[in-house]
Structures are given as C-alpha cells and as structure tokens.
Amino acid sequence: MRLHHIKGAEEKIAASPYVVDEDKSFTLAGKWHEVFGNDKPIYLEIGMGKGNFILQHALEHPENNYIGVEIYSSVLLRAIQKRAEEPYDQLDNICFLRMNAAEMERVFAKGEIYHIYLNFSDPWPKKRYAKRRLTSRQFLARYVNTLRADGIVEFKTDNNDLFDFSLEEAREAGWEVLSSTRDLHNDPVLCEGNIMTEYEAKFSAMGMPINKMIIRQRQEV
C-alpha cells in the first residue's frame with residue numbers, strides 16, 4: 001500500500017540536498033562517480049520505499065556508493081526524512097533519485113552499475129501489465145544495458161506468483177540463477193547479513209515466508 005500524497009512533497013524533494021534533480025540525471029550517464037567524487041562501486045535499489053534497506057547498506061558498507069530510486073514523491077519524502085536522522089545524516093556514499101525505472105538507460109551508462117536490488121516490487125498481477133514488472137524480460141534487458149558484465153540482481157518478494165514469474169523470465173532471458181530460496185529467513189546461507197525492508201519486517205511478523213533470488217547475466221565460456 002502506497003502512502004497518501006503528502007502536500008508539498010515535490011517542493012521538499014526539489015529542495016533536498018540528498019536528491020539528484022531528475023532533469024540533471026539525464027546528463028549524468030557515465031559520470032556518476034563525479035557525483036560521489038570517487039570510483040567506488042555503485043549499488044542501485046529500484047523502488048526503495050522509505051529507504052531503510054539502502055540507508056542501512058550505505059551505513060554498513062562505506063566501501064560502496066548507493067543510489068536509491070523511487071517514483072512516488074510521498075514515499076521518497078519519507079526516505080529523505082530518514083536520511084536526515086542520525087546516524088544516516090553523516091553518510092557521504094548515498095543519494096536519492098526520483099525516476100521511473102523505465103528511463104534508467106538514459107540515466108546510467110553500460111557497465112556503470114555493479115549491483116541492483118529489487119525489494120517487494122509491485123507485482124502488477126494482471127497479465128497485460130507483465131512487462132511493467134521489474135523482473136520482466138523487458139526490465140532485465142535494461143539491466144543488461146546498465147550493469148557490469150558480471151553485475152548482480154537481487155530480488156526479494158512475498159508474492160509467490162511473482163517469484164515464479166521472475167525465475168522463469170530470468171532463465172528465458174538468458175540470465176543465470178545463482179541462488180534462490182522460498183524461505184529466506186530459514187535459509188542460513190542466503191539470510192546471512194540480510195537487511196530487512198519495511199515490508200519484509202511486516203510480512204515476516206505475520207509469518208509469511210520471503211522469496212529471494214540472486215541472478216547474473218550468463219557468462220560467456
């Protein structure tokens with residue numbers, strides 16, 4: 001469930017030092033290391049929600065840079081507010097971007113992203129909207145055009161139908177499923193170091209198992 005629209009959210013986002021201007025982002029493909037001022041690997045979360053997951057990653061992994069993408073203004077505003085709180089207010093390795101993920105090939109150059117996180121993405125359950133799912137072959141093609149050749153996509157969801165679809169789409173699109181589980185929190189390997197999103201904490205408290213897959217473009221032999 002999305003937050004109701006917050007009055008003035010767009011103005012607050014535009015004024016935030018934590019957000020890269022959407023129009024400016026279209027001039028930054030291949031130049032994101034200039035934004036961060038270093039050559040650290042860039043990790044991207046598409047649909048970051050209120051930001052708990054990516055902010056915690058940035059805090060625990062200063063050796064990486066992080067970009068959180070969110071299309072909904074009211075949700076992004078919550079992430080901005082969290083970003084301004086301790087201990088996240090001292091981070092220098094994370095920024096936010098309000099953007100439709102379908103535009104990512106205009107914003108990031110091929111090979112610029114090391115790792116993509118997809119967490120509890122909108123399942124778009126009607127079949128005619130399948131191509132809007134962030135794990136569809138259409139989006140996987142966009143990831144190919146922005147990830148390094150050995151780049152990774154990690155996907156978590158509580159939706160079993162979406163997970164089945166995602167596994168099939170990855171294989172059909174020529175991606176390699178490195179690992180997968182249908183009960184993340186009872187998988188000692190995949191759960192090691194797991195950082196929960198807001199949705200994940202909510203669903204887990206309800207006793208719902210969490211699905212996770214890690215995929216990579218199939219490597220040439």
Side-chain angles (χ1 to χ4, degrees), residues 13 16-71 75-76 78-101 103-119 121 134 139-140 142-156 175-176 178-179 190-198 200 212-217 219:
I13 290 170
S16 173
Y18 305 136
V19 181
V20 175
D21 179 75
E22 186 173 4
D23 291 334
K24 181 183 177 181
S25 70
F26 294 126
T27 71
L28 292 175
K31 301 177 182 178
W32 280 92
H33 288 298
E34 296 178 11
V35 174
F36 289 104
N38 58 59
D39 293 322
K40 297 176 183 179
I42 297 175
Y43 284 57
L44 181 71
E45 184 183 11
I46 300 175
M48 67 169 178
K50 300 176 186 176
N52 181 72
F53 177 88
I54 197 167
L55 283 167
Q56 193 61 32
H57 265 287
L59 183 66
E60 295 182 11
H61 297 282
E63 72 276 12
N64 300 324
N65 292 322
Y66 293 87
I67 301 173
V69 173
E70 178 57 54
I71 192 172
V75 181
L76 175 55
R78 296 301 193 201
I80 291 170
Q81 292 167 341
K82 186 182 293 287
R83 170 73 171 81
E85 299 171 356
E86 293 184 350
Y88 308 123
D89 59 331
Q90 300 301 311
L91 294 174
D92 62 1
N93 63 333
I94 185 169
C95 64
F96 299 147
L97 179 59
R98 184 182 180 276
M99 181 188 76
N100 187 324
E103 300 277 5
M104 64 184 298
E105 291 162 296
R106 296 178 58 196
V107 176
F108 303 106
K110 188 173 181 66
E112 193 165 25
I113 305 300
Y114 279 63
H115 203 113
I116 293 175
Y117 296 108
L118 307 172
N119 293 314
S121 309
L134 292 180
F139 270 98
L140 291 174
R142 295 181 176 108
Y143 306 151
V144 168
N145 288 329
T146 52
L147 278 169
R148 286 163 48 99
D150 59 350
I152 298 294
V153 173
E154 290 192 29
F155 172 59
K156 291 195 286 189
W175 288 61
E176 179 182 4
L178 298 178
S179 56
L190 286 182
C191 196
E192 183 177 358
N194 181 59
I195 293 174
M196 289 200 289
T197 72
E198 294 88 351
E200 185 174 353
K212 179 175 181 176
M213 72 176 188
I214 301 175
I215 60 175
R216 179 181 65 188
Q217 300 166 59
Q219 304 297 292

Quiz item: Ring centres of Phe96 and Tyr18 under 6.0 Å apart?
Solution: no

Practice problem: Kindly give the heavy-atom pair with the smallest separation between Trp175 and Val153, and that separation in Å. | Solution: CZ3-CG2, 3.8 Å

Practice problem: Check whether any side-chain N or O of Ser16 sits under 3.5 Å from a backbone N or O of Ile13 as a donor-acceptor pair, and report yes or no. | Solution: no

Quiz item: Without hydrogens or angle criteria, can the side chains of Asn38 and Asn65 be said to hold a donor-acceptor pair below 3.5 Å?
Solution: yes

Exercise. First locate atom CG of Leu76, then atom CZ of Arg98, and finally report the distance between them rounded to the nearest 0.5 Å.
Key: 8.0 Å

Quiz item: When rounded to the nearest 0.5 angstrom, what distance separates CD1 in Ile215 from CG in Leu178?
Solution: 8.5 Å

Self-check item: Value rounded to 0.5 Å, distance of CD1 in Ile80 from CD in Glu85
Solution: 12.5 Å

Quiz item: At their closest point, which heavy atom of Ala58 faces which heavy atom of Asn93, and how far apart are they?
Solution: O-ND2, 3.0 Å

Exercise. Flag the pair His33 / Asp39 as yes when at least one side-chain heavy-atom distance between them is below 4.5 Å, and no otherwise.
Key: yes

Self-check item: Modelled atom types, side-chain donor and acceptor of Tyr143 and Gln217, under 3.5 Å
Solution: no

Practice problem: Start with the C-alpha gap between Met48 and Thr197, add the side-chain angles, then the distance that decides, and say whether side chain to side chain contact (heavy atoms under 4.5 Å, CB included) holds. | Solution: CA-CA 9 Å; Met48 67 169 178; Thr197 72; over 6 Å; no

Quiz prompt | Chi angles and distances behind the side chain to side chain contact (heavy atoms under 4.5 Å, CB included) call for Leu97, Val19 | solution = CA-CA 6 Å; Leu97 179 59; Val19 181; 5.9 Å; no

Quiz prompt | Shortest non-hydrogen separation from Leu28 to Glu112 and the atoms involved | solution = O-OE2, 4.1 Å

Exercise. Taking the side chain as every heavy atom from C-beta outward, state whether Ile67 and Ile94 have any atom pair closer than 4.5 Å.
Key: no

Quiz item: Can you tell me how far the OH atom of Tyr66 sits from the CD atom of Glu45, to the nearest 0.5 Å?
Solution: 11.0 Å

Quiz prompt | Matching residue for Glu200 among Asn52, Asn119, Asn194 - test: side chain to side chain donor-acceptor pair (under 3.5 Å) | solution = Asn194

Exercise. Return the minimal non-hydrogen interatomic distance between Gly30 and Ala109, and the atom names on each side.
Key: N-CB, 3.4 Å

Quiz item: Would you find more than 12 non-hydrogen atoms of other residues, nucleotides or ligands less than 6.0 Å from Lys24 atom NZ?
Solution: no

Quiz item: Counting heavy atoms not belonging to Glu63, are there more than 12 under 6.0 Å from its CD?
Solution: yes

Quiz item: Under the side chain to side chain contact (heavy atoms under 4.5 Å, CB included) criterion, do Ile195 and Ile54 qualify, and how do the steps go?
Solution: CA-CA 9 Å; Ile195 293 174; Ile54 197 167; over 6 Å; no

Quiz item: Distance-only, no hydrogens or angles: does the Arg83 side chain make a donor-acceptor pair with backbone N or O of Gly51 under 3.5 Å?
Solution: no

Self-check item: Pair Lys212 + Glu154: basic N to acidic O under 4.0 Å
Solution: yes

Quiz item: Would a 4.5 Å heavy-atom cut-off, applied to side chains only, mark Leu55 and Lys82 as touching?
Solution: yes

Exercise. Specify the closest pair of heavy atoms between Asp150 and Arg216, including all atoms of both residues, with the distance to one decimal.
Key: O-CD, 3.8 Å

Quiz item: Do we get Arg148 above Tyr114's six-membered ring, with its NZ or CZ under 6.0 Å from the centre and within 45° of the axis?
Solution: yes

Practice problem: Determine, stepwise, if the pair Lys156 / Tyr117 fulfils side chain to side chain contact (heavy atoms under 4.5 Å, CB included). | Solution: CA-CA 8 Å; Lys156 291 195 286 189; Tyr117 296 108; over 6 Å; no

Quiz item: After noting the C-alpha distance and the side-chain angles of Arg106 and Glu103, does the key distance pass the salt bridge (charged side-chain N to carboxylate O under 4.0 Å, His left out) rule?
Solution: CA-CA 6 Å; Arg106 296 178 58 196; Glu103 300 277 5; 3.1 Å; yes

Exercise. Measure from the side-chain N and O atoms of Thr27 to the backbone N and O of Asp23, and report whether any donor-acceptor pair falls under 3.5 Å.
Key: no

Quiz item: Below 4.5 Å, heavy atoms only, C-beta onward: do Ile46 and Met104 meet side chain to side chain?
Solution: yes

Quiz item: Looking at CD1 of Ile214 and NE2 of His115, how far apart are the two atoms once the value is rounded to the nearest 0.5 Å?
Solution: 7.0 Å

Exercise. With Leu147 as reference, evaluate Ile116, Leu44, Ile152 under the side chain to side chain contact (heavy atoms under 4.5 Å, CB included) test and give the passing residue.
Key: Ile116

Quiz item: Which atom pair, heavy atoms only, marks the closest approach of Trp32 to Cys95?
Solution: CZ3-SG, 4.0 Å

Quiz prompt | CG-CG distance between Leu118 and Leu134, expressed to the nearest 0.5 angstrom | solution = 5.5 Å

Quiz item: Thinking salt bridges, do Glu198 and Lys50 make one under a 4.0 Å N-O criterion?
Solution: no

